[in-house]
Asker: 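Below: one structure in structure tokens.
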Amino acid sequence: MLIEPAHQKLHHVRTKLSDLLDMSVHHDKPFIVAHLASVLEDLEPRSDAVERTSDASADVLHQSPSSRMGTFEGDNPLIAKLSRVMTLSADDRTALQAMCSEVRQVGVRRDIIRDGDRPDRVHLILKGWACRYKILKNGKRQITALLLPGDFCDLHVGMLDQMDHSIASLSATTFAYVDRAQFDELTRTRPAILRALWWAALVDEGVLRSWIVSLGVRSARERVAHLICELRERMRNIDAVSDGQFNMPLTQPDLAEALGLTPIHINRVVRQLLAEKVLKIHRGEVKVLDQGALVRIADFDPSYLHAQAIDRI
């Protein structure tokens, strides 16, 4: 694996430490610990690292400091998600798989795209979790969306001049790095895929509206319950739920920044739901103990996720 030159790496680490200092006044300790872990990972020597030579690929020089080329093995989560609502031909599936031939990887809590960037590629999450977020000058951050396997980060890059928010990994994340021209050709020549992607974009808008409702009128208890119900449905759509249990690499500060609460309040609600034997969150895993009770608390109606087939429409 290729690594950054020492001076470039040290500059990157200094920048992250400076950002951490700015944030420390506004965030609880778990958030700071997560960022320190990221810095320490940068400083950790890698046994398989080799020195960059003058013949190194020019493409590597233009990668994000935290990304590297990699491979992906397993079922394609985008195909799994779209196939639930749209009949895709064998050729459609092959085309979607071919779109994911170039793969990149980032570590935990790294920016994939930054506010103000002008990306010329489309990013599709294949493995891991990411989030959209906006951070203010005073260091306060709001998470505005959670991105799961099968979700696109930036379908709009061909329409808008630049990013108006950032996207960061919440866990070690693998994503397809799709050429914009290839993506445009795919949607131009395959109407079934175009309709399925349009459906996915409309579902994203439905999720955003639901989050606005949570921030506006749901109580803290209802917000937590509703988000867990939503994530369970979204993970089930990519066959990632087993016996009511699924991976969720979110810390309490992450949940607080997504739900407009404090980490202390999140902790109190989660402990209460555990005491009531409704929900258990432990070490990045969610176990729904009583789905009926959770749905009642959240007053959850999954219709905004539009999981019904769209072929008939």
Asker: Show the atom names and distances, to 0.1 Å, of all donor-acceptor pairs under 3.5 Å that link a side chain in residues 208-218 to residues at least two apart or in another chain.
Answerer:
from   : atom 1 : to     : atom 2 : distance (Å)
Trp211 : NE1    : Glu230 : OE1    : 3.4
Trp211 : NE1    : Glu230 : OE2    : 3.2
Ser214 : OG     : Arg218 : NH1    : 2.7
Arg218 : NH1    : Ser210 : O      : 3.2
Arg218 : NH2    : His226 : NE2    : 3.2

Asker: Only counting residues at least two apart or in another chain, list the ones meeting salt bridge (charged side-chain N to carboxylate O under 4.0 Å, His left out) with Asp179.
Answerer: none
Asker: Can you confirm whether Met163 sits close enough to Arg114 that some side-chain heavy atom of one is under 4.5 Å from a side-chain heavy atom of the other?
Answerer: no
Asker: Apart from Leu194 itself, what residues make up its hydrophobic cluster when side-chain heavy atoms of I, L, V, M, F, W and Y under 4.5 Å apart count as a link, directly or indirectly?
Answerer: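 Listed partners: none, Leu194 stands alone.
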Asker: Please examine the side chains of Cys131 and Asp254, heavy atoms only from C-beta on, and report whether any two atoms are closer than 4.5 Å.
Answerer: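 Side chain of Asp254 against side chain of Cys131, heavy atoms only: no contact under 4.5 Å found.
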Asker: Holding to salt bridge (charged side-chain N to carboxylate O under 4.0 Å, His left out), I want the full list of residues that pass it with Asp117, two or more places apart in sequence or in another chain.
Answerer: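 Partners of Asp117 under the salt bridge (charged side-chain N to carboxylate O under 4.0 Å, His left out) test: none.
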Asker: Between Asp184 and Arg188, does any side-chain N to carboxylate O distance fall below 4.0 Å?
Answerer: no
Asker: Side chain to side chain donor-acceptor pair (under 3.5 Å), that's the test. Do Arg93 and Ser83 meet it? Break it down for me.
Answerer: CA-CA 9 Å; Arg93 291 169 177 266; Ser83 295; 3.1 Å; yes
Asker: How long is the straight-line distance from OG of Ser171 back to CZ of Arg109, given to the nearest 0.5 Å?
Answerer: 9.0 Å
Asker: Would you say that Met235 contacts Val241 through its side chain, given a criterion of any heavy-atom pair below 4.5 Å between the two side chains?
Answerer: yes
Asker: Out of curiosity, Met248 CE to Leu227 CG, how far, rounded to the nearest 0.5 Å?
Answerer: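 That separation rounds to 7.5 Å.
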Asker: Apply side-chain contact (heavy atoms from CB on, under 4.5 Å) to the pair Gln245 and Val288, showing each step before the final yes or no.
Answerer: CA-CA 6 Å; Gln245 184 167 318; Val288 178; over 6 Å; no
Asker: Checking Asp91 against Thr94: is there a side-chain donor and acceptor pair closer than 3.5 Å?
Answerer: no
Asker: Between Lys140 and Glu257, does a salt bridge (charged side-chain N to carboxylate O under 4.0 Å, His left out) hold up when you go through it step by step?
Answerer: CA-CA 9 Å; Lys140 293 182 178 181; Glu257 291 175 336; over 6 Å; no
Asker: Could you walk me through whether Arg141 and Lys134 pass the side-chain contact (heavy atoms from CB on, under 4.5 Å) test, one step at a time?
Answerer: CA-CA 6 Å; Arg141 186 175 76 153; Lys134 190 75 175 182; over 6 Å; no
Asker: So, using salt bridge (charged side-chain N to carboxylate O under 4.0 Å, His left out) as the criterion, who are the partners of Asp299 when residues are at least two apart?
Answerer: none
Asker: Using the side-chain contact (heavy atoms from CB on, under 4.5 Å) rule, take Thr262 and Ile266 through it: C-alpha gap first, then chi angles, then the decisive distance, then the call.
Answerer: CA-CA 6 Å; Thr262 66; Ile266 292 290; over 6 Å; no
Asker: Roughly how far apart are Ile135 CD1 and Asn138 CG, rounded to 0.5 Å?
Answerer: 8.5 Å
Asker: To check you understand the geometry: which heavy-atom pair defines the closest contact between Leu147 and Arg234, and what is its length?
Answerer: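 Minimum heavy-atom separation between Leu147 and Arg234: CA-NH2, 4.3 Å.
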Asker: Report the C-alpha distance between Ser89 and Asp92 in whole Å, list the side-chain angles of each, state the deciding distance to 0.1 Å, and finish with yes or no for side chain to side chain donor-acceptor pair (under 3.5 Å).
Answerer: CA-CA 5 Å; Ser89 68; Asp92 289 335; 3.2 Å; yes
Asker: Please report the shortest heavy-atom distance between Leu170 and Ala130, naming the atom on each side.
Answerer: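 Residues Leu170 and Ala130, closest heavy atoms: CD1-O, 3.8 Å.
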Asker: With ILVMFWY side chains joined below 4.5 Å, transitively, what does Leu289's cluster contain besides itself?
Answerer: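 Other cluster members: none.
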Asker: Take Ile297 and Leu273 through the test side-chain contact (heavy atoms from CB on, under 4.5 Å) and record every step on the way to the result.
Answerer: CA-CA 10 Å; Ile297 293 169; Leu273 292 173; 3.8 Å; yes
Asker: Test: ring pair (Phe, Tyr, Trp, His ring centres under 6.0 Å). Region: residues 239-267. Which pairs qualify, not counting sequence neighbours?
Answerer: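 Ring pair (Phe, Tyr, Trp, His ring centres under 6.0 Å) check on residues 239-267 returns no pairs.
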Asker: Would you say that Val270 contacts Leu279 through its side chain, given a criterion of any heavy-atom pair below 4.5 Å between the two side chains?
Answerer: no
Asker: Shared ILVMFWY cluster between Leu274 and Leu231, side chains joined below 4.5 angstrom?
Answerer: no
Asker: With a 4.5 Å cut-off on side-chain heavy atoms, are Cys153 and Ile167 touching?
Answerer: yes
Asker: Restricting to side-chain hydrogen bond (donor to acceptor under 3.5 Å, both in side chains), what partner residues turn up for Ser242, sequence neighbours left out?
Answerer: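 Checked Ser242 against side-chain hydrogen bond (donor to acceptor under 3.5 Å, both in side chains); zero matches.
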Asker: Using a strict cut-off of less than 4.0 Å between a Lys/Arg side-chain nitrogen and an Asp/Glu carboxylate oxygen, indicate whether Arg84 and Asp239 qualify as a salt bridge.
Answerer: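 Salt bridge flag = yes for Asp239 with Arg84.
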Asker: As an exercise, state the distance from CZ of Arg110 to OG of Ser169, rounded to the nearest 0.5 Å.
Answerer: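 The OG atom of Ser169 is 7.5 Å from CZ of Arg110, to the nearest 0.5 Å.
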Asker: Consider only side-chain N and O atoms of Asp111 and Tyr133, and report whether a donor and an acceptor are under 3.5 Å apart.
Answerer: yes
Asker: Once rounded to the nearest 0.5 Å, what's the spacing between atom CG of Leu96 and atom CG of Leu197?
Answerer: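 Answer rounded to 0.5 Å: 7.0 Å.
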Asker: To check you understand the geometry: which heavy-atom pair defines the closest contact between Ala196 and Leu82, and what is its length?
Answerer: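 For Ala196 versus Leu82, the nearest heavy atoms are O-CD2, 3.7 Å.
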Asker: Which atom names give the shortest non-hydrogen contact between Ala293 and Val278, and what distance separates them?
Answerer: CB-CG2, 4.0 Å
Asker: Using the salt bridge (Lys or Arg N to Asp or Glu O under 4.0 Å) rule, collect all pairs that involve residues 274-297, keeping only residues at least two apart or in two chains.
Answerer: Arg221-Glu276, Asp243-Lys287
Asker: If I compare all heavy atoms of Lys81 with all of Gly150, which pair ends up nearest, and what's the gap?
Answerer: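 That closest heavy-atom pairing would be NZ-O, 3.0 Å.
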Asker: Does any pair with a residue in residues 95-124 pass ring pair (Phe, Tyr, Trp, His ring centres under 6.0 Å), and if so which ones, sequence neighbours excluded?
Answerer: His123-Phe175, His123-Tyr177
Asker: Can you name the closest pair of heavy atoms from Pro77 and Ile238 and give their distance?
Answerer: O-CG2, 3.8 Å
Asker: Using the test side-chain hydrogen bond (donor to acceptor under 3.5 Å, both in side chains), find all partners of Thr187 that sit at least two apart in sequence or belong to another chain.
Answerer: none
Asker: Is it true that Arg132 and Asp115 have a side-chain N and a carboxylate O under 4.0 angstrom from each other?
Answerer: no
Asker: Kindly say whether Ser219 contributes a backbone atom to a donor-acceptor pair with the side chain of Glu222 at under 3.5 angstrom?
Answerer: yes
Asker: Contact between Leu124 and Asp151 at the side-chain level, heavy atoms closer than 4.5 Å - yes or no?
Answerer: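 Not touching, per the 4.5 Å side-chain cut-off.
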Asker: Any non-hydrogen side-chain atom of Gln105 less than 4.5 Å from a side-chain atom of Thr173?
Answerer: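 Result no, sub-4.5 Å side-chain heavy-atom pair not found.
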Asker: Rounded to the nearest 0.5 Å, what separation is found between the CG atom of Leu146 and the CH2 atom of Trp129?
Answerer: 6.5 Å
Asker: By salt bridge (charged side-chain N to carboxylate O under 4.0 Å, His left out), which residues pair with Arg236, not counting sequence neighbours?
Answerer: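 With neighbours one apart ignored, the set is Glu233.
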Asker: Are the side chains of Arg121 and Arg180 in touch, meaning some heavy atoms are under 4.5 Å apart?
Answerer: no
